Amino acid sequence: MPHPPRQAVTHGSPDGLLIVTKSLSDLGHIDAKVIYPLSDFMKRTGLGRHAMPEARRNGLRDIHVGSRAFVRGGDFLEWLNCQ
C-alpha cells in the first residue's frame, strides 16, 4: 500500500500566522542555542539561494568567519517572529 503524501510543515508565529515551507522530510529543527553553518541552516529551514539574501536584507543576521558563514538559531527564531 503506498504511503500518503507528506503534509506541508507550518511554523506558527505569536500573532497566529502560519508559514508553509517544504515537506517535513526536507526540514530540520532549529535550536535557539545552536550556531549553524549556512548550508546546514538553509537545508533545515528550506530557505534557498534566492530567499537567503532576501532574509538578510530583511534583517536576518549571519556571522562570517573567513569564507564561512553561520546563522545563530536564536537570531533566526527572533527574526521569524518579527516577520
Side-chain angles (χ1 to χ4, degrees):
M1 177 178 233
H3 296 298
R6 295 184 187 260
Q7 295 180 354
V9 176
T10 57
H11 299 279
S13 65
D15 56 2
L17 296 176
L18 293 177
I19 299 171
V20 179
T21 59
K22 294 184 178 184
S23 71
L24 183 58
S25 63
D26 295 337
L27 299 177
H29 176 76
I30 296 293
D31 187 324
K33 296 179 181 179
V34 175
I35 298 174
Y36 297 93
L38 183 60
S39 60
D40 187 38
F41 172 80
M42 290 171 66
K43 288 176 191 171
R44 289 172 174 268
T45 60
L47 293 176
R49 62 188 186 98
H50 296 288
M52 194 62 207
E54 182 71 22
R56 285 189 192 111
R57 283 191 292 276
N58 288 322
L60 178 61
R61 294 178 289 183
D62 56 359
I63 305 163
H64 291 270
V65 179
S67 62
R68 302 280 317 264
F70 302 87
V71 177
R72 290 183 187 101
D75 287 347
F76 171 69
L77 295 173
E78 181 181 317
W79 173 82
L80 188 60
N81 285 329
C82 292
Q83 296 306 301

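No experiment lies behind these values; they were computed from the predicted model shown.
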CG-CZ distance between Leu38 and Arg49, expressed to the nearest 0.5 angstrom: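 With rounding to 0.5 Å, CG (Leu38) is 13.5 Å from CZ (Arg49).
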Provide the closest heavy-atom pair for [X] versus [Y] in the form atom of the first, atom of the second, distance.
X	Y	value
Asp31	Lys33	OD1-N, 2.8 Å
Leu60	Met52	CD2-CE, 3.6 Å
Tyr36	Asp40	CD2-OD2, 3.6 Å

Donor-acceptor pairs under 3.5 Å, side chain of residues 67-76 to any protein atom, not counting sequence neighbours: which ones?
residue: Arg72; atom: NH1; partner: Asp75; partner atom: OD2; Å: 3.2
residue: Asp75; atom: OD1; partner: Arg61; partner atom: NH2; Å: 2.8

Common cluster, Leu77/Ile63, ILVMFWY with side-chain heavy-atom separation under 4.5 Å: no
With sequence neighbours excluded, residues passing side chain to side chain donor-acceptor pair (under 3.5 Å) with Arg57: Glu54
